[in-house]
Structures are given as C-alpha cells and as structure tokens.
Amino acid sequence: MHSIGVLKLLHSALTANGTRQELLADAYFDGRLDALGVYVEDSAPATAAAATAAAATAAAATAAAATAAADDYIPSSSPSSVPREDGLSFPYASFVSRYMSPNLPVLLSGLTSSWPAAETWVTPDAEPDLAHLGRAFRDTRAPVHFTALPPGAASVFGAPPARPLARESTVGEFADWWEEHLSARGEAPPGAPRELRYLKDWSFGPSLPAAEVYSCPRFFREDWLNDLQASYRFVYLGPAGTCTRLHADVLRSFSWSSNLAGRKRWYLIPPTHTHLLYDRFGQALAPHLHADLEGGEGQLGTFPGLALAREVAVEVIQEAGETLFVPSGWHHTVENLKDTLSVNHNWLNGYNMRGSWGKLSEEVEALRALSLREEKVEQEGEPAADAWVKDESEEAARRQQEQTVATTEGDFVLLYDVIAHQLGLERGLRPDELDTIEDVLGSMVESVGRGDLFGVKEKGEGGWWRGEELMEVVRRRRMLV
Ligand SMILES: O=C(O)CCC(=O)C(=O)O
C-alpha cells in the first residue's frame, strides 16, 4: 500500500499532476528515473548514504527540470529578507530592473504620506478612524469575513481549516461592531463564543471614489488590468488578530499593498516552492503556513511540505506608511499584528502577462485531464488501485476543480479582454511588451481556433476582439516599431 502511495506521488510530481505523461520520457533520459530506482528498490550498495545521495540527485534533477520548465520570470534564488527602498527617491527604472522584472518583493516607504486618506481616515494617534469611516460610509455595502475565535484566543492566525464566512455588510455595521469589539477586548468571559470580523476586498468605485482616498504610486501605474472596467483595487480594514489565508493572487497578477495605519506580518513563499504548500496529493492548498503545527487534527500528515516551506518563506513586517510589492505567483499569508487599514491593487502588465497566460493554460490542462479521467472511469469503472485514494482530500480536490472550471473561463475572457484593450489603446508599447503580447496572443488564438478552450470563440460584436483581428493589429504595430 505504502509503495503504491509513493509511486503515485512520484508519478504525479514527474508528470505535472498526471497531465503530461510525456515528461516521464524526459525523466528517463536524463537519469532521474534511474536515481529513483536506486532509492526505491535499494538495489545499489545498500547503505543509507547511497540511498540518500540517490534521492538527492533525483530531487535536484527534478527541481532543475521543474525550474527549466517554469516561467522565465520565476527567480532562480529567493531572498532571505525583503529589501526596503525610499519610495520617494527610488528610480522607476531601478524598481523594474531589481524587482518587477526578476519578480522579487520589495518594501517601499513614503508613498502614502500625501494621500488624502492619510489625514481623513487615520486618527492623530495613527489608528484607523472608525468613527469617521462609519459616518462617511454608513450605508455603503462591503464584504466582511467572520471567523470564530477559539476560546481564550485573541487572534485567528492559526485559523481552523474552515474558511471564514464572507457576508455582505455595510461599513456602518462593521464600524459599530468594531467599537463594541474594542470595548470588550480582553474582557469576554473565558469560553464565551466570540468572533473576529475583517472587512476586505472593499472595491473602489462610484460609492468609494479612489481620488478621495489615494493616488496610485508611480511604480505601479503600468497597469493593464485596472485600465478596464474590471476593478482590482481594494480597501482592507481589520482589528489586530485578523488574517488572510494562504493564497496566490488572481491570474498570477502582481499586487501592491500600502498600510495607512497599523502593522502586518506577511509570509511570502517563492513560486519555485509552491508545491510544498499542497497536501500529500498535491491537490488542496494549506490554509496557512503553520497549519501542520496548530490545531492538531492530523494536519502534519496532511501537509508534509510546510516545515520545508517555512525555511524558504520570507517574513516581512510592514509598518504604517510602507508599501509592499508582492511579485507574481508568490503565495502569501497575511496577519494584522495591530488594528490595520490598507489599500491594495492587483495588476497585470508586460512583465507578468506571459506568466498569467501560463497559469491559465495549466488550469485548462488540469481540467482537461480531469474530464478525460472522469470519462474513463464512467466507461471502465474506478481502477482498484485508486480506490484507497478516495478520501476527503479527493472530495475537496473535486470541489476545488469545479470552482476552478467556473473561474477559469471568466479569467480567460478577462485576459483576452485586457490584451484587446491594451492593443486598442493608441499608445506606444515597448518591443519587449509587444513580444509578450504576441506570444500570449499567439497561444490564445491557437486555442480559440481549435475551439477547445471552453468554447470561447470570437465575439466581435459584444466588445471582445476576434482572435485574427488581434493578431493583425499586433502584426501591423510590430512593423511600425
Ligand atoms: O492584507 C491582507 O489581509 C491581504 C492582502 C493580500 O493578500 C494582497 O495584497 O495580495
């Protein structure tokens, strides 16, 4: 039983979760399978050292192959800490060459001091001004996440595996709860049921005009996503103890996050080590980076890679007035160490567009593999060796896949739209940006042309561009560069 499990894991690791069987041939020819054979069968001089060395060779070869296959913007080494730069004097070109292009995080200071909200939303003693926000946005609707607090606990950092409940609320209701929460802080009788609320993803729009709150820092203005109607621009407001679960940002976008008040702790995990964050089937993402240490309940066996992930994770303490650039594809989890108010954006441009398309393509491949497998099971029944894998984590994976089908189609349309919009703008694109667009577009047109990407076809009239038209625009513009 155990060896079947090991083989399944190896098969999954070597074939991109079973979606690319042909990768096994690479592993055979470059010697990784031989190295594994020595390890698994223990047939070579049977010393622990030899087995360990073989396993290390195999692991290094797998890692090298994975890195080579990964997107070219993934850094080959990750920093042990995040550098701080003076945001007022740091040149944009240096931000691009040192951080955005190599896809590495950085903290920038001084970018929020001139924002209107630095005065109107923050009290003189540097706290989020709840009284003002509650009055000014009394009836404005915003999503609020509710998480139950374990008895006697002051934070939900080691939150239970269940997702926090997101409910539509008003800023007024949230501010009222906050006042009550502050006056009751530390006074609730032990054992009394309590909860923490976190107002997150409150979008800028007509009921929250961006210009009255902040201005987008110059480092992040090359933004193809928020140029559109799509708004990925948010406010986060939460008391000390609230947190955001482990995730990577939508569509492998970049994000930036500025603290107007408070302090956050971030753990950032480089994309080279994403696999360590998943359960033993490579399916379900851990809820947070310490899920194996807290809550008991067998989480250690569920997420065996987390101890190693913590060794490569970069811990960042972000103070009021500081802005964190979160690179593309870096998973992160965020804890509010004080009552915290922040503004953030997700965004795409020529530096992460290729990665974004890569992520979408991976999801499409995984979904295609899943539907092929389901078809096969329908025709032939469940293979006996698979029966033991059917446990809760497979069910969770299935639910996640269903959700992915729904979001992937939306993401594809959005990306398609972003490119169409970008090309439609009468603006000069740099040759490297044009290369990216041409690559991504070429793959899109191919997929759409084959008609096998969720049947998303040319739409023309509805505002989307036809694939061939887009290619034509790229070709024409290319001749002009
Ligand atoms: O501040 C938070 O709680 C989450 C922010 C985040 O995940 C992001 O900016 O990408």
Side-chain angles (χ1 to χ4, degrees), residues 87 108-147 149 154-156 164 166-188 194-217 220 226 231-244 255-265 318-324 334-346:
L108 297 152
S109 60
L111 298 175
T112 60
S113 51
S114 59
W115 289 3
E119 275 189 20
T120 51
W121 286 21
V122 180
T123 64
D125 51 355
E127 297 288 336
D129 193 340
L130 264 296
H132 168 77
L133 287 164
R135 260 193 327 270
F137 299 98
R138 181 104 228 127
D139 298 319
T140 305
R141 304 204 71 75
V144 172
H145 290 234
F146 293 68
T147 312
L149 265 173
S155 83
V156 290
R167 282 190 217 140
E168 185 81 340
S169 180
T170 62
V171 178
E173 279 162 7
F174 179 74
D176 292 346
W177 168 81
W178 183 301
E179 295 294 345
E180 276 168 35
H181 167 74
L182 283 189
S183 52
R185 196 135 69 180
E187 283 175 17
R194 288 160 62 221
E195 67 188 5
L196 275 187
R197 299 187 191 180
Y198 192 5
L199 186 146
K200 25 190 325 188
D201 301 329
W202 178 17
S203 279
F204 286 96
S207 60
L208 179 60
E212 289 170 23
V213 181
Y214 74 108
S215 57
C216 180
F220 318 124
N226 295 296
S231 173
Y232 286 85
R233 305 171 299 154
F234 309 105
V235 170
Y236 281 67
L237 177 58
T242 45
C243 67
T244 293
S255 78
W256 61 264
S257 171
S258 292
N259 276 359
L260 275 159
R263 176 183 296 146
K264 285 181 191 284
R265 172 164 55 203
Q318 178 193 17
E319 302 290 351
E322 289 187 321
T323 298
L324 181 66
V334 190
E335 300 168 345
N336 289 321
L337 301 181
K338 288 180 163 185
D339 298 345
T340 303
L341 169 60
S342 63
V343 169
N344 76 358
H345 277 198
N346 289 104

Mind checking whether [X] and [Y] have side chains closer than 4.5 Å, heavy atoms only?
X: Leu108; Y: Trp256; answer: no
X: Pro128; Y: Trp121; answer: no
X: His132; Y: Thr123; answer: no
X: Thr147; Y: Thr242; answer: no
X: Leu260; Y: Tyr214; answer: no
X: Leu208; Y: Thr140; answer: no

Check this for me: does any side-chain nitrogen of one of Arg138 and Asp176 sit under 4.0 Å from a carboxylate oxygen of the other? yes
Which atoms form the tightest heavy-atom contact between [X] and [Y], and what is the distance?
X: Leu130; Y: Glu179; answer: CB-OE2, 3.8 Å
X: Gly262; Y: Lys338; answer: CA-CB, 4.1 Å
X: Val144; Y: Ser169; answer: CG2-CB, 3.6 Å
X: Pro239; Y: Arg197; answer: CD-O, 3.2 Å
X: Ser113; Y: Ala118; answer: O-CB, 4.0 Å
X: Ser231; Y: Phe204; answer: OG-O, 3.4 Å

Rounded at 0.5 Å granularity, tell me how far [atom1] in [X] sits from [atom2] in [Y].
X: Gln318; Y: Ser257; atom1: CD; atom2: OG; answer: 4.5 Å
X: Ser207; Y: Phe137; atom1: OG; atom2: CZ; answer: 8.0 Å
X: Thr340; Y: Glu127; atom1: OG1; atom2: CD; answer: 9.0 Å
X: Leu133; Y: Trp202; atom1: CG; atom2: CH2; answer: 6.0 Å
X: Asn226; Y: Arg233; atom1: CG; atom2: CZ; answer: 5.5 Å

Does Arg167 make a cation-pi contact with Phe146, if we ask for NZ or CZ under 6.0 Å from the ring centre and within 45° of the axis? yes
With side chain to side chain donor-acceptor pair (under 3.5 Å) as the test, pick out the partner of Thr244 among Glu335, His145, Lys200, Lys264. Lys200
Give me the ring orientation class for Tyr232 and Phe234: parallel if the planes are under 30° apart, tilted from 30 to 60°, perpendicular past 60°. perpendicular
When you check the side-chain N and O atoms of Tyr236 and Asn336, is any donor under 3.5 Å from an acceptor? no
Testing the 3.5 Å rule here: is there a donor-acceptor pair between the side chains of Asn344 and Ser255? no
Would you say that more than 12 heavy atoms from the other residues, nucleotides or ligands in this model lie under 6.0 Å from the CD of Glu119, or not? no
Side-chain donor or acceptor of Asn259 paired with backbone N/O of Gly321 under 3.5 Å: no
Take Thr120 and Asp129, measure what side-chain contact (heavy atoms from CB on, under 4.5 Å) needs, and give me the verdict at the end. CA-CA 8 Å; Thr120 51; Asp129 193 340; over 6 Å; no
